Peer 1: 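Got a structure for you, questions after.
Just so we're clear, the structure is a prediction, and the values are computed from it rather than from any experiment. Within every chain, numbering begins at 1; the chains are lettered A, B, ... in the order of the sequence lines, protein sequences first and strands thereafter.
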Amino acid sequence: MIEITFKDGNQKPFEPGITPEEIAGSIAPGLKKKTVAAFVNEDLYDLNRPIYEDAKVDLITKDNEIALEVLNHSTAHLMAQAVKRLYPDAKFGVGPAIKDGFYYDIATEHTIKEEDLPKIEQMMRRIVKEQESMTREEITKEEALKRFKDDPYKQELIGDLEEGEIISVYTQGEFVDLCRGGHVGNTRHIKHFKLLSVAGAYWRGDSDREMLQRIYGTSWFTEEELKKHLAVLEDRKERDHRKLGKELKIFMLDKKAGQGLPIWLPNGYTVRRTLEDYVYKLERKHGYKHLSTPVLGTKELYETSGHFDHYQDDMFPLMKDGDETFVLRPMSCPHHMIVYNSELRSYRDLPLRYAEIVIQHRYEASGGLSGLERVRAMTLTDSHIFARKDQIKQEVLSAYNLINKVITDLDLEIDYLELALRDTTKGKFHDDDQLWDEAEATLKQLLDEEKIAYREVKGEAAFYGPKIDVQVRTAMDHVITMSTVQLDFLLPERFDLTYIGDDGAKHRPVVIHRGLISTWERLMSILLEQYKGAFPTWLAPVQLKVIPVSLDAHQDYAEALHETFTDLELRSEIDLRNEKLGYKIREAQQAKIPYQLVVGDKEVEDGSITYRRYGEKEQVTVSKATFIEMVQQEIKNKTR
RNA sequence: GCCGGAAUAGCUCAGCUGGUAGAGCAACUGACUUGUAAUCAGUAGGUCACGGGUUCGACUCCUGUUUCCGGCACCA
């Protein structure tokens with residue numbers, strides 16, 4: 001007998017060779033149904049993998065996050081088996097579980113199309129009915145290489161494994177796959193799944209290697225969960241900023257205007273301008289000085305900064321004019337360095353915080369462009385803080401606080417901070433090790449002292465220095481870099497920046513690059529998706545819509561109201577078209593205007609206002625003064 | 001940039017296996033003069049993304065280009 005120890009400390013003897021499924025069954029039939037896999041001495045075990053020695057066993061039930069991963073991973077195998085049956089020449093790359101789903105990379109002569117997916121699903125269901133056991137087997141590397149001798153992808157994967165490492169293969173019916181495991185034991189446990197899309201994906205994520213066909217799918221324990229997830233995907237389509245941006249006339253793209261070069265329409269620009277003003281005022285309050293520099297600069301400027309060496313591929317082609325060559329700037333730092341150098345600086349001048357609403361151009365790969373999310377012409381609030389070394393901590397923290405304030409005001413949340421460091425094996429970073437060590441240590445120490453949690457990522461630094469990236473999770477479940485604070489000891493060297501210290505000698509300042517809102521383009525895409533197009537009142541392109549019941553009787557009052565609002569700098573519109581009331585209301589609702597005001601006899605009589613909030617059915621009648629006070633408070637507090 | 005798909009009226013879309021296009025909404029005109037999500041009628045609107053080819057004939061088939069979409073790679 002072997003001794004199984006459970007998480008709660010209880011122990012129970014079992015026959016050697018007992019499986020997690022049987023253990024669960026021995027405790028309760030309900031538990032058996034709920035159990036998907038198990039941790040045996042920390043190792044992930046399949047439901048049907050025998051246990052031969054004393055062990056700690058932690059059953060993984062369906063409510064556990066890992067259970068869903070196991071299920072999805074098993075569904076990937078199931079799909080691969082189905083694909084192999086339909087397209088026998090298929091070879092397989094990797095097929096992992098991902099968040100809310102799975103994928104498998106496939107190489108086959110047959111081009112897999114969306115319309116093939118139902119066919120594959122059908123085959124999957126057939127295999128489920130066959131109740132194939134998913135059986136684990138452990139073999140040597142040599143044996144594994146022999147078994148998969150016809151599969152170049154598996155050969156490569158096996159070749160990369162350490163000598164002596166346990167290599168496991170899984171067999172279900174006629175299908176055998178190399179796999180670390182954690183499976184549901186039998187295909188009959190896989191019931192509620194859907195294949196979602198086909199796409200191309202480079203083998204091993206390397207753009208220099210061949211491209212495989214990738215099928216994405218999702219798998220759940222219940223039909224309700226599956227439906228719920230599909231509904232989430234539907235909702236994301238509704239939220240898509242490209243769809244909303246068009247419907248609400250926020251921005252447009254036009255082939256003739258240029259790929260990836262968005263045009264801000266009046267509605268979108270109103271929102272952006274409101275945000276710009278907000279950030280501008282906030283920055284002033286935090287001691288920033290605003291300036292403006294050109295979109296074009298000499299190549300020499302960017303050679304001095306090092307951008308040209310490190311960034312050339314991301315820049316638009318050069319412009320030559322006689323002996324001079326110009327670049328469309330991808331960043332604004334060099335200009336700010338020039339400004340710093342334009343005067344003799346004293347230690348008393350520091351910190352010097354320059355901020356600018358910058359237009360910059362990056363020659364992004366055409367395939368990556370998408371709506372306002374990935375563009376080639378972008379606008380952002382950029383800032384460079386010139387500081388003494390003893391001011392770094394204070395300045396980084398102050399920037400971080402500003403970032404926090406803005407993110408909170410925009411109803412967003414920081415998901416995590418990323419401390420991006422260099423990777424010495426890669427050539428894309430400047431090579432002064434001493435500067436790097438100092439900069440990285442400074443940031444790390446600062447975060448640690450302030451007990452700010454972060455994830456360290458090697459190789460993600462800027463070429464000139466390490467950075468703290470503020471990662472935000474969007475309504476589309478994407479993690480994006482919203483803000484960034486970068487420590488730079490390099491550009492001060494490159495541009496020979498100095499200040500006169502209290503000792504009368506020249507010293508080198510430090511530059512802190514601070515990005516606040518990603519870019520206005522990307523921020524707009526995020527906010528559109530976040531609010532589903534229904535902006536809070538302070539941001540809404542149109543805040544109030546005044547609709548008279550009858551033009552004859554109520555137009556004057558409606559116009560007087562509209563004028564009052566406009567004088568108070570509220571963004572009001574009045575609908576004087578010869579249309580039915582219901583029609584105007586429908587349009588106002590579709591435009592997601594926060595307040596629609598219908599004025600008729602009653603309102604004219606007592607000088608009141610009847611309003612209806614966007615998305616609500618309720619109509620509220622209040623005095624004019626009360627209404628104005630309410631809306632102004634709402635705007636001031638940035639509440640909805 | 002790479003793999004795959006798509007492109008029809010301002011918008012959303014229909015158009016079977018080749019016989020030169022249709023709806024709803026929007027626009028315009030007229031009637032109606034309205035109390036919370038579409039009043040009625042009429043009019044106009046398309047080089048079927050662009051170029052080449054096959055064919056008696058191409059929105060439809062082939063091909064090149066452009067842009068967009070799903071991903072990959074890259075990335076704010």
Peer 1: If we take the C1' atom in both B:C48 and B:A14, what is their distance in whole Å?
Peer 2: 13 Å
Peer 1: Using ring centroids (six-membered ring only for Trp), state whether A:F193 and A:W220 fall under 6.0 Å.
Peer 2: no
Peer 1: Tell me, what's RNA chain B's dot-bracket, Watson-Crick or G-U with both distances under 3.5 Å, | for other-strand, [ ] crossing?
Peer 2: (((((((..((((.....[..)))).(((((.......))))).....(((((..]....))))))))))))....
Peer 1: Are A:E234 and A:K237 within salt-bridge range, i.e. N to O under 4.0 Å?
Peer 2: yes
Peer 1: Heavy atoms under 4.0 Å, any strand shown: does A:T519 hit a base, just sugar-phosphate, or nothing?
Peer 2: base
Peer 1: Can you list every salt bridge (Lys or Arg N to Asp or Glu O under 4.0 Å) pair that touches residues 200-216 of chain A, not counting sequence neighbours?
Peer 2: A:D105-A:R214, A:E156-A:R204, A:E156-A:R209, A:D160-A:R204
Peer 1: Step by step, would you call A:D240 with A:R242 a salt bridge (charged side-chain N to carboxylate O under 4.0 Å, His left out)?
Peer 2: CA-CA 5 Å; A:D240 191 318; A:R242 291 164 301 189; 2.5 Å; yes
Peer 1: So what does A:E587 hit on the nucleic acid, given a heavy-atom distance under 4.0 Å: a base, only sugar-phosphate, or nothing?
Peer 2: nothing
Peer 1: Between B:C74, B:U36, B:G70, which one does the side chain of A:R374 approach most closely?
Peer 2: B:C74
Peer 1: Determine: side-chain N/O of A:Q589 to OP1/OP2 of B:U36, distance under 4.0 Å, yes or no.
Peer 2: no
Peer 1: If you find the nucleotide of RNA chain B closest to A:L372 and the one closest to A:A365, which residue's nucleotide is nearer the 5' end?
Peer 2: A:A365
Peer 1: Do A:T610 and A:Q619 have a side chain donor and acceptor closer than 3.5 Å?
Peer 2: no
Peer 1: For a quick check, with a 4.0 angstrom heavy-atom cut-off, what is the B/S/- contact string for nucleotides 45-50 of chain B, read 5' to 3'?
Peer 2: ------
Peer 1: Just the rounded figure in Å: distance from C1' of B:G1 to CD of A:Q259.
Peer 2: 11 Å
Peer 1: Examine the side chains of A:D552 and A:S550 and answer whether a donor and an acceptor come within less than 3.5 Å of each other.
Peer 2: no
Peer 1: Between A:K249 and B:C11, does any side-chain N or O lie under 4.0 Å from OP1 or OP2?
Peer 2: no
Peer 1: Hydrogens and angles aside, do A:H290 and A:E356 bring a side-chain donor and acceptor to less than 3.5 Å of each other?
Peer 2: no
Peer 1: Name the residue closer to the 5' end of RNA chain B, choosing between A:D552 and A:T481 according to the nucleotide with the nearest heavy atom.
Peer 2: A:D552
Peer 1: What interatomic distance, in whole Å, is found between C1' of B:G24 and the corresponding atom of B:C61?
Peer 2: 31 Å
Peer 1: Expected output is a numbered-order residue list: members of residues 405-416 of chain A with a heavy atom under 4.0 Å from any atom of RNA chain B. What is it?
Peer 2: none
Peer 1: For nucleotides B:U47 and B:U8, find the distance between their C1' atoms and express it as a whole number of Å.
Peer 2: 12 Å
Peer 1: Rounding to the closest angstrom, what is the interatomic distance between B:C74 and B:U12 at atom P?
Peer 2: 33 Å
Peer 1: Would you call A:E395-A:R353 a salt bridge at under 4.0 Å N-O?
Peer 2: yes
Peer 1: Checking A:R362 against A:F316: charged group under 6.0 Å from the ring centre and within 45 degrees of the axis?
Peer 2: no
Peer 1: Can we say A:D116 and A:K119 salt-bridge, meaning some charged N sits less than 4.0 Å from an Asp/Glu carboxylate O?
Peer 2: yes
Peer 1: Tell me what A:E603 touches on the nucleic acid: a base, only sugar-phosphate, or nothing, going by heavy atoms under 4.0 Å.
Peer 2: base
Peer 1: Any chance you could list the contact pattern along nucleotides 38-43 of chain B? Use B for base contacts, S for sugar-phosphate-only contacts and - for none, protein heavy atoms under 4.0 Å, 5' to 3'.
Peer 2: BB----
Peer 1: Answer yes if the side chains of A:E276 and A:T381 hold a donor-acceptor pair under 3.5 Å, and no otherwise.
Peer 2: no
Peer 1: What contact category does A:T610 fall into here, base, sugar-phosphate, or nothing, at under 4.0 angstrom with non-hydrogen atoms?
Peer 2: base
Peer 1: Using a 4.0 Å heavy-atom cut-off, does A:V375 contact any base of the nucleic acid, only the sugar-phosphate backbone, or nothing at all?
Peer 2: base
Peer 1: Looking only at side chains, do A:T108 and A:D89 share a donor and an acceptor under 3.5 Å apart?
Peer 2: yes
Peer 1: Within the pair A:Y216 and B:C72, is there a side-chain N or O less than 4.0 Å away from OP1 or OP2?
Peer 2: yes
Peer 1: With a cut-off of under 6.0 Å to the ring centre and 45° to the axis, is A:R613 in cation-pi contact with A:Y595?
Peer 2: yes
Peer 1: Check whether any side-chain N or O of A:R214 sits under 4.0 Å from OP1 or OP2 of B:G70, and answer yes or no.
Peer 2: no
Peer 1: For B:U36 and A:Q619 - does any side-chain N or O of the residue sit under 4.0 Å from the phosphate oxygens OP1/OP2?
Peer 2: no
Peer 1: Need one value for A:K602: base, sugar-phosphate or nothing, where a base atom within 4.0 Å counts as base even if backbone is also close, heavy atoms only.
Peer 2: base
Peer 1: Output yes when A:E616 and A:R612 qualify as a salt bridge under the 4.0 Å nitrogen-oxygen rule, no when they do not.
Peer 2: no
Peer 1: Is any NZ, NE, NH1 or NH2 atom of the basic residue among A:E587 and A:R577 found under 4.0 Å from an Asp or Glu carboxylate oxygen of the other?
Peer 2: yes
Peer 1: State whether a side-chain donor-acceptor pair under 3.5 Å links A:S219 with A:N72.
Peer 2: no
Peer 1: Please classify the nucleic acid contact of A:R242 as base, sugar-phosphate, or nothing, using heavy-atom distances under 4.0 Å.
Peer 2: sugar-phosphate
Peer 1: When only distance counts, do a donor and an acceptor, one from the side chain of A:E364 and one from the base of B:G1, lie under 3.5 Å apart?
Peer 2: no
Peer 1: What is the nucleic acid contact for A:T111, judged by heavy atoms within less than 4.0 Å: base, sugar-phosphate only, or nothing?
Peer 2: sugar-phosphate
Peer 1: Evaluate salt bridge (charged side-chain N to carboxylate O under 4.0 Å, His left out) for A:E283 paired with A:R514, printing each intermediate quantity in order.
Peer 2: CA-CA 12 Å; A:E283 282 177 335; A:R514 186 235 60 192; 2.8 Å; yes
Peer 1: Considering only heavy atoms, which members of residues 200-209 of chain A lie under 4.0 Å from some atom of RNA chain B?
Peer 2: A:G200, A:A201, A:Y202, A:G205, A:S207
Peer 1: May I ask you to decide whether A:R374 forms a salt bridge with A:E364, counting only side-chain N to carboxylate O separations under 4.0 Å?
Peer 2: yes
